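Inspection log for the structure reproduced underneath, given as structure tokens.
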Amino acid sequence: MSALPSYATRGQRFWYYSFRVICGFIFFFLIAPIIVIIPLSFNAQNFFTFTPEMLALDPAGFSTKHYQDFFTDSDWQLALRNSLKIAPVATFLSVSLGTLAAIGLSQSHVPFRRLIMAILISPMIVPLIISATGMFFFYSNPYIPTPFGRIDLPFTLTGTYLGVVLAHAALGIPFVIITVTATLVGFDQSLTRAAANMGANPVTTFFKVQMPLILPGVVSGGLFAFITSFDEVVVVLFVGSAAQKTLPWQMFTGLREQISPTILAVATILIAVSIVLLIVVEMLRRRSERLRGLSPS
């Protein structure tokens with residue numbers, strides 16, 4: 001909203017300032033529960049509350065020992081390694097399959113594409129506990145459905161890295177489909193036809209013409225898929241085992257069983273990572289607008 005003009009009425013001025021106060025309250029209640037974690041992570045004591053020393057801004061009340069615990073404790077390091085193993089692979093699968101699905105569903109001649117789109121993004125709509133339960137039963141006894149009956153596969157996916165990766169990829173694909181589909185809305189299809197007329201095959205056209213223009217949407221979807229996999233805990237509790245314990249799993253265990261303040265240090269690190277990823281998404285959005293000849297807003 002621009003500044004108030006000099007001829008604004010009293011009612012317009014009242015609404016102008018009331019609107020800002022309402023926005024300020026909403027912003028406060030959204031951000032305050034997250035911001036309060038950061039100073040608590042530097043608590044010198046093993047408490048989840050502000051000590052008198054912290055409230056008095058006494059340096060003796062602050063410490064980095066919880067961060068040291070995170071980087072030296074074997075359980076936390078195992079969880080971090082598992083998250084760094086699972087999230088990138090799940091993101092790669094989500095980006096590959098989601099991008100292909102979005103490009104295919106953007107073609108007007110594809111039948112039932114709205115129905116297919118609804119099915120593909122259903123993991124975002126269905127409650128996570130229901131998705132996790134379904135994945136557990138399917139991964140416990142995987143099979144291939146055929147018109148003549150199902151073919152049981154001679155292995156199980158529960159308690160394996162592959163099962164957790166596939167489950168997280170299924171949760172990340174909807175984010176990639178939505179962001180890439182939004183990018184394709186303004187894509188000029190005559191560019192692909194021009195490339196085909198010049199003799200380029202579909203693969204060359206995709207990587208040389210289409211991908212550079214939709215890359216911001218692909219990367220944005222990949223970042224959301226990575227965050228989804230990195231923060232997910234419900235599905236991994238159902239599908240994984242102790243060997244696949246991820247960082248959110250360890251945080252859940254620490255909060256329920258140990259009341260470990262190290263959780264606050266880990267949460268602060270994850271907040272910093274999330275802020276960096278959001279900055280990258282914003283930079284990509286501005287780059288996409290510049291490529292389309294729009295002024296970045």
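Note that the structure is a prediction, hence the values are computed from the model and not measured.
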Determine whether more than 12 heavy atoms belonging to other residues, nucleotides or ligands lie under 6.0 Å from atom [atom1] of [X].
X: Phe50; atom1: CZ; result: yes
X: Phe155; atom1: CZ; result: yes
X: Phe138; atom1: CZ; result: yes

List the atom of [X], the atom of [Y], and the distance in Å for their closest heavy-atom pair.
X: Ala87; Y: Thr91; answer: O-OG1, 2.7 Å
X: His66; Y: Thr262; answer: O-CG2, 3.5 Å
X: Ile119; Y: Ser122; answer: O-OG, 2.6 Å
X: Ala196; Y: Thr205; answer: N-OG1, 4.5 Å
X: Met135; Y: Ala167; answer: SD-CB, 3.5 Å
X: Val234; Y: Glu232; answer: N-OE2, 2.8 Å

Open item on the list: Students often mix this up, so state it plainly: with edges at 30° and 60°, are the rings of Phe175 and Phe224 parallel, tilted or perpendicular?
Closed with: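 Aromatic pair Phe175/Phe224 classed parallel.
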Open item on the list: Tell me whether the rings of Phe19 and Trp15 are parallel (<30°), tilted (30 to 60°) or perpendicular (>60°).
Closed with: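 Taking Trp15 first and then Phe19, their aromatic rings sit tilted (interplane angle of 30° to 60°).
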Between [X] (side chain only) and [Y] (backbone N and O only), is there a donor and an acceptor less than 3.5 Å apart?
X: Asp231; Y: Pro248; answer: no
X: Ser106; Y: Ile103; answer: yes
X: Gln12; Y: Thr9; answer: yes
X: Thr160; Y: Leu157; answer: yes
X: Asp73; Y: Asp69; answer: no
X: Thr179; Y: Val176; answer: yes
X: Thr64; Y: Tyr67; answer: no
X: Tyr161; Y: Ala243; answer: yes
X: Lys65; Y: Ala44; answer: yes
X: Ser229; Y: Ala225; answer: no

Side chains of [X] and [Y]: does their closest heavy-atom pair fall under 4.5 Å?
X: Leu171; Y: Met124; answer: no
X: Ile269; Y: Phe71; answer: yes
X: Pro127; Y: Ile130; answer: yes
X: Leu84; Y: Leu247; answer: no

TODO: Nearest 0.5 Å please: distance from the NZ atom of Lys85 over to the CG atom of Leu80.
DONE: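 Answer rounded to 0.5 Å: 11.0 Å.
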Open item on the list: Does either side chain, that of Gln244 or that of Ser241, offer a donor lying less than 3.5 Å from an acceptor on the other one?
Closed with: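 The answer is yes; a qualifying pair exists.
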Task: Six-ring centre of Tyr16, Arg20 cation under 6.0 angstrom, axis tolerance 45° - done: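 Yes - Arg20 lies over the ring of Tyr16, closer than 6.0 Å to its centre and within 45° of its axis.
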